[in-house]
Amino acid sequence: MWRNSVGFSSKLLTSKSSYSRLPLLNRGVASRSTSTSAGSGPESTEAAGTVKVGFSSTEWVRTGSPGSSAVDLSSFAAASVLKGRDIVDMAKHYGRCYAELSKARLRMLANKLHNIVPPCTFAASFSSNYTVISMLVVATSGTGYILGSGSAIDYMGLCCTCAGTMMVAASASTLNQVFEVKNDAKMNRTKKRPLPSGRISIPHAVTWAASTGMLGTALLASKANMLAAGLGASNLVLYAFIYTPLKQIHPINTWVGAIVGAIPPLLGWAAASGQVSLNGMLLPAALYFWQIPHFMALAYLCRKDYADGGFRMYSLADASGQRTASVALRNCLYLLPLGYLAYDWGLTSGWFCLESTLLALAISGTAISFYMNRTTKDARRMFHASLLYLPVFMSGLLVHRVTESEQQMTVEHTGKIIEMSPLLETTEEAQEEKRKQSIGNGQRRPPVAYASVAPFPFLPAPSYATF
Ligand SMILES: CC(C)=CCC/C(C)=C/CC/C(C)=C/COP(=O)(O)OP(=O)(O)O
């Protein structure tokens, strides 16, 4: 007789009710019971066929009365087929759980953008709400990497940085769900997640988080640099161990969460350039300001859910929604100068300045409308605008990026023009003209110059290199 024993047992998954949550595995269990019970009756099936469904791979163990040596080859073949199917079923089941723990699905984004989800189930539709952000984490890190690269992009480095960021972010998201399992169980939008729904055990999820966290950090350290690895690991700590408990303590959690979301592009920049410079702060700044209206809209729309879950969101202490809306609007307005800074610091061409400003005006428009009306419809419109803002902003940054070689060509070109002008040779005007042209043509101005103006009187006066 052959007994199926699948991995280490988990109380959660061996209970009858837990089986009903695992239809795929159930099918395998049922079929196995039939095959193992052949000729031995239900009792012996129960005795020998105790099936443990859990963590590791399926293993088939030979059991039976001592001394029994006859092996039924046809049962063996059937058992092997079942074993294969079990493995596939289990891989599918846990693959889905891992993806959800890592908040790695994009399905809901499509639903949201096309407004497929009716308003009454809007809150529930956010069961994977931050999923959108989780996928964007990798995109922001990749964009940061490209922006931080010189003329030539190291594509291998880019892939490793994205993969490393993805793994560390998956680990952070899993830990977040481990710590919030009780709260998630009380909220519509999160109660179907793998942990509150009992599809995976806590030790299993912690093992997943530990593996992805360590692998991701190691990948960043070995294929990028220690700075990137350090940023990834610290961000994991910030998200899982500071932001997550803070959600139940103080509304300031949204601002801490915005820092968490702003780190991945900085990580990407650091991975490519080996340093953290002020230029590299542009995309993180966009991420930081963008997250405030995004989360304010969400916290407003899901107020009841957040209250049920025991979370202290800003919108919960603001019955009229006026302060929530004004915070959102203020941060939308902070997005306005970013395009100009990108252009002025030589990261992009002037087109991006225009595009980014229009984009910021559009999201600010939705925030103004939410500020004035404070209806679910307006909050949702601002939320949708926030979903569109980031991909478009990042695409613009990449499309209009000015590479170092382009800057170099501009400098040479500018130098030639100025040399050809006999009237402007050695005078101060000539130097000023050269400076203006080089900046006007996209050459980087050291952003530190901005740090030495009004709010920092103790710093030396700004001085720009002259040519
Ligand atoms: C490299 C690295 C570690 C990156 C981490 C990036 C990351 C996970 C960003 C998410 C930012 C954030 C505040 C999400 C909301 O979480 P939430 O707990 O409010 O979401 P929930 O309510 O849906 O659980």
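The chain is numbered in sequence order, starting from 1. Note that ligands are numbered from 1 as they come in the structure, with each ligand's atoms numbered from 1 the same way.
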Legend entry - Minimum non-hydrogen distance to atom 9 (C) of ligand 1, winning option of T244, V260, L287: V260
Inset, instruction - Ignoring hydrogens, just give me the one of S141, G257, S171 whose non-hydrogen atom is nearest atom 13 (C) of ligand 1. - result: G257
Legend entry - Part of Q177 with heavy atoms under 4.0 Å of ligand 1, whether side chain, backbone, both or neither: neither
Inset, instruction - Answer yes or no: are there more than 12 heavy-atom neighbours, outside I153 itself, under 6.0 Å from its atom CD1? - result: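 Yes, enclosed.
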State, without any angle test, whether [X] and [Y] hold a side-chain donor-acceptor pair at a distance under 3.5 Å.
X	Y	answer
H204	Y98	yes
N176	S173	no
W208	S171	no

Legend entry - Heavy-atom pair of closest approach, residues R189 and C302: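 That would be CD-SG, 4.3 Å.
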Inset, instruction - Using modelled atom types only, decide if a donor and an acceptor are shared between the side chain of Y340 and the backbone of T357 within a distance under 3.5 Å. - result: no
Inset, instruction - Give a yes or no answer on whether the side chain of T190 reaches the backbone of D184 with a donor-acceptor pair at less than 3.5 Å. - result: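 Judged by distance alone, yes, a pair lies under 3.5 Å.
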Atoms of ligand 1 less than 4.0 Å from [X] heavy atoms?
X	value
R193	21 (P), 23 (O), 24 (O)
E180	24 (O)
L236	3 (C)
N176	18 (O), 24 (O)

Legend entry - Test side-chain contact (heavy atoms from CB on, under 4.5 Å) applied to P284 - qualifying residues, sequence neighbours left out: A262, P265, L266
Polar contacts were defined as any N/O atom of the residue lying under 3.5 Å from an N/O atom of the ligand; does this apply to [X] and ligand 1?
X	value
R189	yes
S173	no
K103	yes
D184	no
T190	no

Legend entry - Listed partners of Y371 passing ring-ring contact (aromatic ring centres under 6.0 Å, His included), at least two apart: none
Inset, instruction - Could you tell me if any non-hydrogen atom of F311 lies under 4.0 Å from any atom of ligand 1? - result: no
